[in-house]
Amino acid sequence: MSIIILGIESSCDDTSAAVIADGMLRSNIISGQDVHMKYGGVVPELASRAHQQNIVPVVDTALREAGISKQEISAIGFTRGPGLMGSLLVGTSFAKGFALAMNIPMLEINHLQAHILVHFITEPGVDKSHPSFPFICLLVSGGHTQLVLVKDHLSMEILGQTIDDAAGEAFDKCARVMGLPYPGGPWIDRHAREGNPDAFKFSRPSAGGLNYSFSGLKTSFLYFLRDAEKSDPGFLKRNLSDLCASLQQAITDVLMANLLKVSENTGIKEIALAGGVAANSGLRNAVTEAAKKHNWKAFIPKPAFTTDNAAMIAINAYYKYLEKDFAPQDTVPEARLRFSP
Ligand code: KG4
Ligand code: ZN
């Protein structure tokens, strides 16, 4: 009998539902929330309200697109954390109600570990090889920056992480300083394509060992821009592409330094990228180049699997289902959920 998983993602500002049948993706519906744009960041209360409005239509569309009826679903997986509490509550409550009504098990999923497991999603007609264990994953999102040793689908260890801001936060905050819309990462990426990455030299901060630190870069960028604009009004407008390209290069260099170090330290040459910032073309190119130079086997997810989506929740739930690692009905969301080792 087929194992059919319905995955639900609602940790931040995307409501998403996906269906995976025996590890094969059947649908992945994502509904973003434009309401936050005018505030320059996610407003938690508005996010949770939008999730409430979106969740039923999103699930309905995911089931219809997959050609699967509610009765055929074996289990439901949902994001338990980390994320915004009000947002997580919507997905968790939906999953509980659905599991009770259909009398099926639930699987609680760690959003970050799920980002990494996108590398195991199979899609109809797509011939894709999966990383073999153990591999290293650079997980870069809006809230997290981590170097993860992936020992198995369900066993992961954090080897290094940011001690302050995440890489995505650095992109978004610097974008805001330049007056770009939220989230700024994709905008910086777009402008960077037209710019010179060596035009300006920004600091490449390190936190020691395999850890990262991005708050200094953000502050030095802010001061640099403020001073430049003061002595040369219109500086930002005239140099936007070069500023974006140089900033993107600095963030990429910082991320790559520890990735190279961890591969050297461990001898592991299977290297994966995951999380929203993995959509960044500068970072993707840098990993591809490093792979050629250091003989890595690199795994870079397609852009749709980098940002938040429920396909990653469903694939993680599928592996937990195989282990019968079910969640009880009294499971509560956890805004700061840690990795399960
Ligand atoms: O993984 P994600 O969708 O949400 C979290 O779990 O945080 O990541 C969102 C982050 C945002 O900071 C966004 O600016 C960044 O990913 N991002 C990018 C790009 N696309 C998304 N950053 C740089 N370049 C991109 N192309
Ligand atoms: Zn995410």
Side-chain angles (χ1 to χ4, degrees), residues 7-16 18 28 30-33 36-37 40-42 44 47 78-84 87-88 91 109-118 137-146 148 161-162 165-178 180-193 195 197 212 214 217-218 243-256 272-287 300-313 315-316 335-337 339:
I8 306 288
E9 156 63 25
S10 73
S11 65
C12 191
D13 60 342
D14 291 305
T15 319
S16 181
N28 183 32
I30 305 168
S31 172
Q33 304 179 353
H36 308 287
M37 239 165 180
V42 177
F78 64 97
T79 306
R80 183 177 170 215
L84 300 170
S87 293
L88 292 166
I109 303 300
N110 180 307
H111 178 88
L112 297 172
Q113 292 183 283
H115 264 301
I116 296 172
L117 292 183
V118 291
C137 185
L138 172 61
L139 172 60
V140 269
S141 73
H144 296 81
T145 298
Q146 298 171 331
V148 182
Q161 58 190 321
T162 180
D165 290 353
E169 238 173 316
F171 271 112
D172 295 342
K173 286 179 177 170
C174 292
R176 193 173 180 171
V177 169
M178 291 187 280
L180 297 173
Y182 179 87
W187 289 93
I188 291 185
D189 195 352
R190 227 165 285 161
H191 289 292
R193 283 163 213 244
Y212 289 110
F214 285 104
L217 176 60
K218 173 196 70 192
L243 283 165
C244 287
S246 303
L247 177 70
Q248 180 168 295
Q249 188 63 54
I251 296 175
T252 301
D253 285 352
V254 171
L255 289 171
M256 289 305 293
L273 273 183
V277 180
N280 184 263
S281 55
L283 180 60
R284 295 168 82 90
N285 290 340
V287 171
I300 302 175
K302 66 176 192 180
F305 285 164
T306 58
T307 42
D308 292 345
N309 65 86
M312 68 189 200
I313 305 302
I315 193 71
N316 196 340
R336 296 180 173 275
L337 187 65
F339 262 47

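One-based numbering, in listed order, for ligands and for the atoms of each.
Taking 4.5 Å as the limit, some side-chain heavy atom of L255 sits within range of a side-chain heavy atom of F214. Here the side chains of W187 and M178 are not in contact, with every heavy-atom distance at 4.5 Å or above. Looking at M312 and F305, their side chains never come closer than 4.5 Å, going by heavy atoms from C-beta outward. Using a 4.5 Å heavy-atom cutoff, the side chains of V287 and M256 are in contact.
In terms of polar-atom proximity, defined here as any N/O pair under 3.5 Å, P183 makes no such contact with ligand 1. Remark: ligand 1 and T307 share no N or O pair separated by less than 3.5 Å (distance only, no angle test). Looking at ligand 1, you'll find an N or O of G276 within less than 3.5 Å of one of its N or O atoms. Where the criterion is an N or O separation shorter than 3.5 Å, residue side chain and backbone included, S281 fails it with respect to ligand 1. Taking any N or O of G275, backbone or side chain, none lies under 3.5 Å from an N or O belonging to ligand 1. Of the polar atoms of H115, at least one N or O is found under 3.5 Å from an N or O of ligand 1, judged by distance alone.
Within the 4.0 Å heavy-atom criterion, the part of D189 lying near ligand 1 is the side chain and not the backbone. Under 4.0 Å from ligand 1, the heavy atoms of H111 that appear belong solely to its side chain.
Those atoms of ligand 1 with a heavy atom of G168 less than 4.0 angstrom away are 12 (O).
Looking at N309, D308, T307, N316 one by one, the single match for side chain to side chain donor-acceptor pair (under 3.5 Å) with H115 turns out to be D308. For the pairing with Q33, the side-chain contact (heavy atoms from CB on, under 4.5 Å) check across D14, T15, V42 returns one residue only, T15.
The minimum distance between the Zn ion (ligand 2) and any N, O or S atom of D308 involves atom OD1.
At a cut-off of 2.8 Å, H144 is not counted among the residues with an N, O or S atom near the Zn ion (ligand 2). Here H111 reaches the Zn ion (ligand 2): one of its N/O/S atoms is less than 2.8 Å from the metal.
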* Do H191 and L180 pass the side-chain contact (heavy atoms from CB on, under 4.5 Å) test, and can you show the C-alpha distance, the side-chain angles, and the key distance before you say yes or no? -> CA-CA 10 Å; H191 289 292; L180 297 173; 3.8 Å; yes
* Asked: Can you list the steps and then say if S87 with D13 is a side-chain contact (heavy atoms from CB on, under 4.5 Å)?
  -> CA-CA 8 Å; S87 293; D13 60 342; over 6 Å; no
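The protein non-hydrogen atom at the shortest distance from atom 22 (N) of ligand 1 is G185 CA, 3.4 Å.
One option in A279, G142, G143, A170 has a heavy atom closer to atom 9 (C) of ligand 1 than any other, and that option is G142. Comparing D172, D308, N280 against atom 14 (O) of ligand 1, the shortest heavy-atom distance belongs to D172.
A donor-acceptor contact closer than 3.5 angstrom links the side chains of H111 and E9.
A salt bridge links R193 with D189: at least one charged nitrogen is closer than 4.0 Å to a carboxylate oxygen.
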